[in-house]
Enquirer: 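Mind looking over this structure? Questions follow.
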Amino acid sequence: MRVTSNLQWPEKLFDRLDRFFGVSERFVAALDVEWTKNYHIKGGSRPFCYSVVLLRWPQEGDDLSTYPASFGFKSVYVTEEDDERALIVALDSDLQAWLASDSLLAGHQLSSDLSVAKNASVSTLVGVEGAYALWRTRRSEHGRVFDTRYDVDHLPIGASRRLVDVCGDVKLDVRQPELARGSMTKLQRHFLEHGSESIREQLLTLNVRHSLSTALVACLGMGLVSVGARNVNQLVHQEMWDLVEYVRSEHFKRLLR
């Protein structure tokens, strides 16, 4: 299993989130889980990657053209099929850390991400179950979850609730060329069969972009920031260029223009 992160505490790479969620600072966090899809058999969807993005809580007057100045992220990726259990345990640990904090969690159709992890596990997942319970009560007075698929009807968006379309409607450039050659399921199977590091890095980057985009839309949907045009790939490049070779490639740099 591969963990990639720009979170350091203070100088050492820290691949668990309990220290970050344990500090007094409040974050807007976003989670995105990627999985291979097989709807023909029960439990056929299998998680292979997830990422958590952390944004510092916005200040009054912030808009998306300048907020955030940076972001923290942790990405966990299976490198072989036997890593799935370890990935689910890591996800559950991170969600338990979030549950013990005062931070907000955003997701895009988050219930599906949590359900896939739950269905793939043979044991009870305290963090996943707790997050799912708060997803169901997210519209209560003290809700701690925001879903960018179901909770954005008040935003100036069109009929589509796909994340890429919602982002486009609110002036966020989130181009994702990684999917030009096929679905995530197809690309992940190619990675497992051929061990292509390039494919893994593309899917990892796509996953982090999804989490970051979700966090930004959530801030807008909750009224914490106002609309502002932003190239999200520039933020991705800023925080990942030294960690992921694909983000340094000429192919990715075309997205920055």
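We use all heavy atoms of the structure for the numbers below, so side chains are in, but hydrogens, waters and symmetry mates are not. Throughout, numbering of the chain's residues begins at 1 and tracks the sequence.
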Enquirer: With a 4.5 Å heavy-atom cut-off, do Glu239 and Ser70 have their side chains touching?
Expert: yes
Enquirer: Is it true that, when you exclude Glu197 itself, more than 12 heavy atoms of the residues, nucleotides or ligands shown sit nearer than 6.0 Å to its CD?
Expert: yes
Enquirer: For Arg85, enumerate each residue passing the side chain to side chain contact (heavy atoms under 4.5 Å, CB included) test, keeping only those at least two apart in sequence or located in another chain.
Expert: Ile88, Val89, Ser121, Ser123, Leu125
Enquirer: Return the set of residues passing side chain to side chain contact (heavy atoms under 4.5 Å, CB included) with Val244 (not counting sequence neighbours), or none when no residue passes.
Expert: Thr4, Glu201, Leu204, Thr205, Met240, Tyr246, Val247
Enquirer: Quick check for you: to the nearest 0.5 Å, what is the distance between Leu91 atom CG and Leu87 atom CG?
Expert: 6.5 Å
Enquirer: His190: which residues meet the ring-ring contact (aromatic ring centres under 6.0 Å, His included) condition with it, sequence neighbours left out?
Expert: His194
Enquirer: Both conditions, 6.0 Å and 45 degrees, for the charged tip of Arg26 above the ring of Trp57: are they met here?
Expert: yes
Enquirer: Quick check: do Pro156 and Asp169 have side-chain heavy atoms less than 4.5 Å from each other?
Expert: no
Enquirer: If you count every heavy atom of other residues, nucleotides or ligands that lies below 6.0 Å from Arg149 atom CZ, does the total exceed 12?
Expert: yes
Enquirer: State, yes or no, whether a side-chain contact exists between Thr137 and Leu134 at a heavy-atom distance under 4.5 Å.
Expert: yes
Enquirer: Is any side-chain heavy atom of Thr148 closer than 4.5 Å to one of Val166?
Expert: no
Enquirer: Got Ile157 and Val152 here, is their nearest side-chain heavy-atom distance under 4.5 Å?
Expert: yes
Enquirer: Atom CE of Met1 and atom SG of Cys49: how far apart are they, to the nearest 0.5 Å?
Expert: 11.0 Å
Enquirer: Below 3.5 Å, can you tabulate the donor-acceptor pairs from side chains in residues 208-217 to any protein atom, sequence neighbours excluded?
Expert:
unit_1, atom_1, unit_2, atom_2, d
Arg209, NE, Arg175, O, 3.4
Arg209, NE, Asn233, OD1, 2.7
Arg209, NH1, Glu178, OE1, 3.0
Arg209, NH2, Glu178, OE2, 2.9
Arg209, NH2, Asn233, OD1, 3.1
His210, ND1, Glu34, OE2, 3.1
His210, NE2, Gln176, OE1, 3.2
Ser211, OG, Asp32, N, 3.2
Ser211, OG, Ser51, O, 3.1
Ser211, OG, Ser51, OG, 2.7
Ser213, OG, Arg209, O, 2.7
Thr214, OG1, His210, O, 2.8

Enquirer: Locate the shortest heavy-atom distance separating Val28 from Pro58; write the atom from each residue and the value.
Expert: CG2-CD, 4.2 Å
Enquirer: Regarding Asp94 and Tyr50, is there a side-chain donor-to-acceptor distance under 3.5 Å anywhere?
Expert: yes
Enquirer: Applying side chain to side chain contact (heavy atoms under 4.5 Å, CB included), can you list everything that pairs with Asp151, at least two apart in sequence or on another chain?
Expert: Arg138, Arg139, Phe146, Asp147
Enquirer: Honestly curious: do Leu179 and Val33 fall in one hydrophobic cluster under the side-chain, below-4.5 Å linking rule?
Expert: yes
Enquirer: Please report the closest heavy-atom contact between Leu55 and Pro68, naming both atoms and the distance.
Expert: CD2-CG, 3.8 Å
Enquirer: Is it the case that Asp92 and Gln96 place a side-chain donor and acceptor less than 3.5 Å from each other?
Expert: yes
Enquirer: Indicate, with yes or no, if Val3 and Trp98 share a hydrophobic cluster defined by side-chain heavy-atom contacts under 4.5 Å among Ile, Leu, Val, Met, Phe, Trp and Tyr.
Expert: yes
Enquirer: Can you tell me how far apart OG1 (Thr36) and CG (Leu187) are? Round to the nearest 0.5 Å.
Expert: 12.0 Å
Enquirer: I'd like to know if the side chain of Asn231 and the backbone of Leu255 have a donor-acceptor N/O pair within less than 3.5 Å.
Expert: yes
Enquirer: Counting C-beta onward and ignoring hydrogens, is there a side-chain heavy-atom pair between Leu54 and Phe21 closer than 4.5 Å?
Expert: yes
Enquirer: Determine whether the aromatic ring centres of Phe27 and Phe71 lie less than 6.0 Å apart.
Expert: no
Enquirer: Check whether Val232 and Leu256 end up in the same hydrophobic cluster, where Ile, Leu, Val, Met, Phe, Trp and Tyr are linked by side-chain heavy atoms less than 4.5 Å apart.
Expert: yes
Enquirer: About how many Å separate CH2 of Trp241 and CZ of Phe252, when rounded to the nearest 0.5 Å?
Expert: 13.5 Å
Enquirer: Any sub-3.5 Å donor-acceptor pair from Asp62's side-chain atoms to Gln59's backbone N or O?
Expert: yes
Enquirer: Measure the spacing between SG of Cys167 and CG of Asp173 and express it to the nearest 0.5 Å.
Expert: 9.5 Å
Enquirer: Any chance you could measure Asn6, atom CG, to Lys74, atom NZ, to the nearest 0.5 Å?
Expert: 12.5 Å
Enquirer: Any chain of hydrophobic side-chain contacts (each under 4.5 Å) joining Leu104 to Leu155?
Expert: yes
Enquirer: With a 4.5 Å heavy-atom cut-off, do Arg161 and Gln109 have their side chains touching?
Expert: no
Enquirer: Decide whether a cation-pi geometry holds between Arg144 and Trp135; the criteria are a distance under 6.0 Å from NZ or CZ to the six-membered ring centre and an angle within 45° of the ring axis.
Expert: no
Enquirer: Have a look at Phe48 and tell me which of Trp35, Phe191, Tyr77 forms a ring-ring contact (aromatic ring centres under 6.0 Å, His included) with it.
Expert: Tyr77
Enquirer: List in chain and number order the residues that pass side chain to side chain contact (heavy atoms under 4.5 Å, CB included) with Ser65, two or more places apart in sequence or in another chain; answer none if no residue qualifies.
Expert: Asp63
Enquirer: Within a strict 4.5 Å, meaning less than it, do heavy atoms of the Lys118 and Glu129 side chains meet?
Expert: yes
Enquirer: Ser115 and Asn119: side-chain donor and acceptor closer than 3.5 Å?
Expert: no
Enquirer: Just wondering, more than 12 heavy atoms not from His142 lying within 6.0 Å of its NE2?
Expert: no
